[in-house]
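Right, one structure below, let's go through it.
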Amino acid sequence: MTREAAAGIRCGLGFFQGISVSSTPARYNFHETEARWQKVWNERQTFRAVMDRAKPKYYVLEMFPYPSGRIHMGHVRNYTQGDVIARYKRARGFNVLHPMGWDAFGLPAENAAMEKKVHPKKWTYENIATMKAQLKSMGLSLDWSRELATCDPTYYRHQQKMFLDFWKAGLAYRKEAWVNWDPVDNTVLANEQVIEGKGWRTGAPVERRKLTQWNLKITHFADELLSRLDTLERWPEKVRLMQANWIGKSRGARVFWDLTDASGADRGKLEIFTTRPDTLYGASFAALSPEHPIVSELARNDPGLERFVAECRKTGTAAAEVETAEKVGYKLPLLARHPLIPGKTMPVYAANFVLMEYGTGAIFGCPGHDERDHEFAAKYGLPILAVVAPADADPNAFSVTDAPFVEDGVIINSDFLNGLGVDDAKARVIARLEEMGVGKGTTQYRLRDWLVSRQRYWGCPIPAIHCEGCGIVPVPAKDLPVQLPDDVTFDRPGNPLDRHPTWKHVDCPKCGGPGRRETDTFDTFIDSSWYFDRFTSPGLETAPFDREENEYWMPVDQYIGGVEHAILHLLYSRFWTRAMREVQMTSRDEPFDGLFTQGMVCHETYKSSDGQWLLPEEVARDGAKVVRLSDKSPVEVGRSEKMSKSRKNVVDPDQIIRDYGADTARWFMLSDSPPERDLEWTEAGVTGAWRFQQRLFRIASTALEQVPPAGTPKPASFPDTATALRRAAHKAIAGVSADIEAFHFNKAVARLYELANTIDSVKVTDDATKWALREALEVFVRLIGPMTPHLAEELWQQLGHRSLLADSPWPVPEDALLVDDTVTVAVQLNGKLRGTIALPKDAPKDVAEAAALVLPELVRGLDGRTPKRVVVVPNRIVNVVI
RNA sequence: GCGGGCGUGGUGGAAUUGGUAGACACGCGAGAUUUAGGUUCUCGUGCCGCAAGGCGUGGGGGUUCAAGUCCCUCCGCCCGCACCA
């Protein structure tokens with residue numbers, strides 16, 4: 001139909017003129033058109049970005065995809081939004097960088113290797129090829145010359161080098177610690193990757209293991225990562241809050257307690273952390289984590305304690321378990337001396353509710369003013385002392401019985417603190433502890449260092465060598481990259497690198513003796529912590545990036561992706577940038593200036609009568625009911641949820657693009673739902689978007705018959721209908737521009753519908769109106785350019801332009817056309833609408849009042865009564881009060 | 001439990017600073033053309049009422065000439081964190 005369509009366009013003017021009722025306008029052939037423009041953009045390298053200091057730069061980036069096999073609707077939504085911004089900024093005169101790459105390391109490739117007997121590398125690169133073709137079919141304005149894949153040694157060699165630099169700078173270290181072990185993926189996980197006690201990928205409850213692992217010192221930047229959040233003004237408040245909570249800064253004190261055994265012999269010191277040093281006089285016990293070194297030591301000679309510790313380890317950390325788990329303790333053969341009350345000692349327990357990871361792994365218990373301590377004290381019959389009383393309570397009579405008092409109040413029963421408020425008491429007691437040398441004020445963070453070792457094959461090798469004599473030795477820079485071996489087997493669980501016959505056996509770079517390569521690989525979140533920097537100089541061999549290029553393009557001006565990365569990827573990237581700053585690779589603090597988190601793409605779910613999930617294409621509406629296509633059996637329709645393979649509520653983007661075209665898919669993604677909210681994918685919505693594309697083509701084709709050629713001089717004056725059309729067009733420019741800037745794509749779409757309706761309904765009578773019609777059409781085509789670029793480019797050509805729309809500037813509205821000279825003013829009686837009146841813009845108040853008072857609807861409502869008062873808001877409202 | 005968000009027609013959603021609630025779209029209803037390639041066009045469409053009019057933004061209360069918008073209170077849903085001392 002290529003030839004027919006072209007012919008239809010050429011002779012269209014004559015063909016459609018004086019349309020006989022029976023003629024059907026040619027349909028818009030999106031297949032042919034979309035492919036044609038994609039080819040043109042590609043051949044002309046339209047979207048290739050080149051550093052140019054004469055122009056302001058704009059770096060638009062969408063979170064790069066994991067090459068899982070095929071793109072999904074979430075990608076389509078994400079990349080459509082980014083493309084609107086990229087094309088818009090380009091038209092606004094910015095030098096736009098809009099690159100794409102692949103987050104290509106990760107476990108699914110190894111799982112595929114095990115299940116399908118295909119090498120992870122082959123699987124990954126085949127997926128990349130498929131997905132690249134899919135992305136290309138969307139018509140995105142990407143600079144493909146900068147494409148990268150994180151599994152490429154030319155990428156990860158720089159990552160290894162940076163790691164060595166960080167190591168040298170003290171930002172990377174090995175530590176033995178209790179770690180989260182995912183029993184399904186057979187690897188450790190970072191804290192951020194444990195969601196409600198379960199592995200982020202597998203959903204399997206994590207186990208606790210004690211292992212020596214690589215860590216990156218993210219806590220070194222804890223305070224800065226927190227305080228700089230305030231300056232990220234173009235980030236969603238929600239994400240900043242989530243990061244702040246994750247970092248979890250609290251002010252408090254570390255307090256040292258002397259330990260003795262029953263006979264009073266010295267047994268060392270116990271360090272605890274508390275945010276409530278003001279309640280120190282209410283202490284009645286101390287409790288240690290079952291993983292605390294003191295407990296481990298005692299357990300060696302105490303089988304009962306050993307059993308208790310083992311029992312605690314079994315209890316998961318999942319929310320449900322934690323809530324129901326009873327607080328239990330094991331009394332240790334120790335006593336703790338109160339640091340402020342001479343002669344006072346208290347019992348010491350190992351307790352299941354004390355976490356080794358937070359603070360010092362030890363607490364003092366104050367049952368009067370802490371829920372958990374209260375529960376524990378009640379169970380073990382420990383004293384409950386009241387040391388804070390409500391401001392209005394009698395300090396001599398106040399006591400705590402059934403429930404702890406956790407609110408603000410006045411300190412009682414606490415020696416020199418009595419009568420103080422909680423905050424004052426904290427300051428005073430910290431000062432006293434410091435004077436006495438038994439404690440100090442500190443800041444505690446919830447954030448823990450980033451554990452980056454993974455016991456997996458398909459990841460970036462950690463460039464380190466174990467030597468019996470020299471310990472752990474860095475791989476010399478000249479030997480980088482440490483490449484993954486290709487010849488590996490996946491016939492058994494575990495890390496293939498570990499059992500490779502030769503790979504790990506190397507000489508120690510220091511002593512030349514026999515050494516062993518580190519067989520752990522990096523967490524793939526490292527790969528994605530700097531890829532945006534690499535995009536600024538993708539081919540460079542000598543360094544991760546060229547400093548000059550990097551400083552021109554970075555930071556990312558607009559980053560777009562899912563909110564699920566609010567903590568993980570976004571926090572790690574902020575850390576990595578600071579680590580690079582620490583080793584003088586950059587002077588920047590923050591990688592992402594603006595962040596937008598898009599909502600998910602959802603769809604109804606369908607279940608057959610036998611409980612099987614069904615694909616949307618397997619069901620159909622039959623009147624009010626939904627039935628299975630194969631046998632017409634009834635289908636249970638579930639609520640709309642995020643598209644997922646497990647629930648089968650997925651729609652394949654490829655099929656949509658094939659059936660309706662990329663522009664339709666893009667248009668629908670932008671319509672209706674605000675981009676930050678979830679979008680419900682519906683068949684009706686897609687066909688609606690499709691019909692609009694067809695209608696636009698028809699409107700434009702019809703209008704084209706009437707408009708003067710491009711470049712026709714602007715008439716000296718316009719009749720009212722033409723001015724109205726011009727106003728509509730110029731208001732649309734201003735409105736759509738503001739909407740795109742503010743990420744209100746759904747509103748921009750609504751405005752474009754309005755302009756289309758206006759253009760469609762205009763009656764052309766004279767040359768001036770014809771000129772205005774061309775103007776409106778040109779405006780329209782340019783405004784839809786970022787959203788439906790193929791259709792826009794096609795219509796742009798039909799309007800007689802030789803240049804590409806993609807290279808054309810954004811239209812500029814005429815200020816005079818943005819304001820109306822008459823306004824509709826609402827007339828109210830006691831705040832209730834009675835009618836409207838038309839007034840000249842900025843009419844004086846008395847004119848407005850006079851006009852309102854003769855409005856028949858108002859007169860009827862007044863019913864002869866005299867107004868008490870008339871409120872006039874110019875250009876808006878006249879409210880008559882009786 | 002802590003932190004945050006949201007609640008508007010049959011549906012998705014509009015509504016700068018308090019100033020005509022429901023833009024735009026879907027759906028639905030009526031009509032017209034064509035009758036089939038996923039048609040197109042016109043009109044209507046918050047609720048009650050024949051109408052005048054009344055009632056309407058989760059419920060209740062308040063401030064104001066005027067409240068979806070501000071304040072108080074209650075209810076519901078969603079997200080994040082969670083035995084963090």
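Lettering of chains follows the sequences in order, A, B, ..., and the numbering in each one begins at 1. Treat the numbers as computed from the prediction; the structure is a model and nothing was measured.
- Under 3.5 Å, the side chains of A:Y358 and A:S250 contain a donor-acceptor pair of N or O atoms.
- Listed nucleotides B:G3, B:C83, B:C24 differ in distance to A:N352; the shortest reach to its side chain belongs to B:C83.
- As judged by a 4.0 angstrom heavy-atom cut-off over every strand, A:V749 is placed among residues making no nucleic acid contact.
- B:G62 sits 15 Å from B:A66 when the C1' atoms are compared, rounded to a whole Å.
- Side-chain proximity of A:Y660 to the nucleotides B:C79, B:G38, B:C24 is greatest for B:G38.
- In RNA chain B, runs of at least 3 consecutive Watson-Crick or G-U pairs, each pair with both distances below 3.5 Å, span B:1-7 with B:75-81, B:10-12 with B:24-26, B:27-32 with B:40-45, B:46-48 with B:53-55, B:58-62 with B:70-74.
- Across all strands shown, A:L355 has heavy atoms under 4.0 Å from base atoms, whether or not it also approaches the sugar-phosphate.
- Checked options A:D370, A:L288, A:V354, A:L355; the residue passing with A:I363 is A:V354 (criterion: side chain to side chain contact (heavy atoms under 4.5 Å, CB included)).
- One finds no side-chain N or O of A:K832 lying less than 4.0 angstrom from the OP1 or OP2 phosphate oxygen of B:C65.
- Judged by distance alone with a 3.5 Å cut-off, a donor-acceptor contact links the side chain of A:N879 to the base of B:C65.
- Spacing between B:G58 and B:C26 at atom C1', rounded to whole Å, works out to 24 Å.
- Look at the C1' atom in both B:G68 and B:A14: the space between them is 12 Å, to the nearest Å.
- Minimum atom distance to the side chain of A:V354 is reached by B:A85, of the listed B:G4, B:A85, B:A21.
- The side chain of A:R698 places no N or O atom within less than 4.0 Å of a non-bridging phosphate oxygen (OP1 or OP2) of B:U39.
- Around atom NZ of A:K440, no more than 12 heavy atoms belonging to other residues, nucleotides or ligands sit under 6.0 Å away.
- To the nearest 0.5 Å, atoms CH2 (A:W690) and OH (A:Y660) are separated by 8.5 Å.
- Using a 4.0 Å heavy-atom distance criterion, A:E680 is classed as making no nucleic acid contact.
- Side-chain contact of A:N352 with A:Y330: a donor-acceptor pair under 3.5 Å is absent, judged by distance alone.
- Looking at the side chain of A:N746, the nearest of the listed nucleotides B:C84, B:A14, B:U40 is B:A14.
- Out of B:C26, B:A85, B:A52, the shortest distance to the side chain of A:R860 is found at B:A52.
- Within the 4.0 angstrom heavy-atom criterion, base atoms lie near A:R448.
- Distance from the side chain of A:Y358 is smallest to B:A85 among B:C81, B:U40, B:A85.
- Going from the P atom of B:C24 to that of B:G44 covers 12 Å, rounded to whole Å.
- Within 4.0 Å (heavy atoms only), A:T275 reaches sugar-phosphate atoms of the nucleic acid but no base atom.
- Taking the ring centre of A:F353 as origin, the terminal cationic atom of A:K327 falls inside the region bounded by 6.0 Å and 45° from the ring axis.
- Between A:E375 atom CD and B:G1 atom P the separation is 15 Å, expressed in whole Å.
- Comparing B:C24, B:C65, B:A52 by their closest approach to the side chain of A:V871 singles out B:C65.
- If you check every strand for non-hydrogen atoms under 4.0 Å, A:T687 touches nothing.
- With B:U20, B:G12, B:C41 as the choices, the nucleotide that has an atom nearest any side-chain atom of A:D672 turns out to be B:G12.
- Using a 4.0 Å heavy-atom cutoff across all strands shown, A:F273 reaches at least one base atom of the nucleic acid.
- The shortest distance between the side-chain N/O atoms of A:R751 and the OP1/OP2 oxygens of B:A25 is not below 4.0 Å.
- Nucleic acid contact class of A:E371 (heavy atoms, under 4.0 Å, all strands): none.
- The residue A:T824 sits close to a base: some heavy atom pair falls under 4.0 Å.
- In this structure, CD1 on A:I567 lies 11.5 Å from CG on A:N191, to the nearest 0.5 angstrom.
- Rounded to whole Å, the C1' atom of B:G46 lies 16 Å from the corresponding atom of B:A15.
- Rounded to the nearest Å, the gap between the C1' atom of B:U20 and that of B:C65 is 16 Å.
- Across all strands, A:V881 comes closer than 4.0 Å only to sugar-phosphate atoms, never to a base (heavy-atom distances).
- Looking at heavy atoms from C-beta onward, A:V239 lies in side-chain contact with A:L595 at the 4.5 angstrom threshold.
- Residue A:R677 has its side chain nearest to B:G13 when only B:C24, B:G13, B:U20 are considered.
- For a distance-only test at 3.5 Å, the side chain of A:R876 qualifies as a donor-acceptor partner of the base of B:U17.
- Between B:A21, B:G38, B:A85, one nucleotide has an atom nearer to the side chain of A:R372 than all others, and that is B:A85.
- Neither side chain, A:N649 nor A:T605, offers a donor N or O lying under 3.5 Å from an acceptor on the other.
- At a threshold of 4.0 angstrom between heavy atoms, the contacts of A:D659 include nucleobase atoms, whether or not backbone atoms are also involved.
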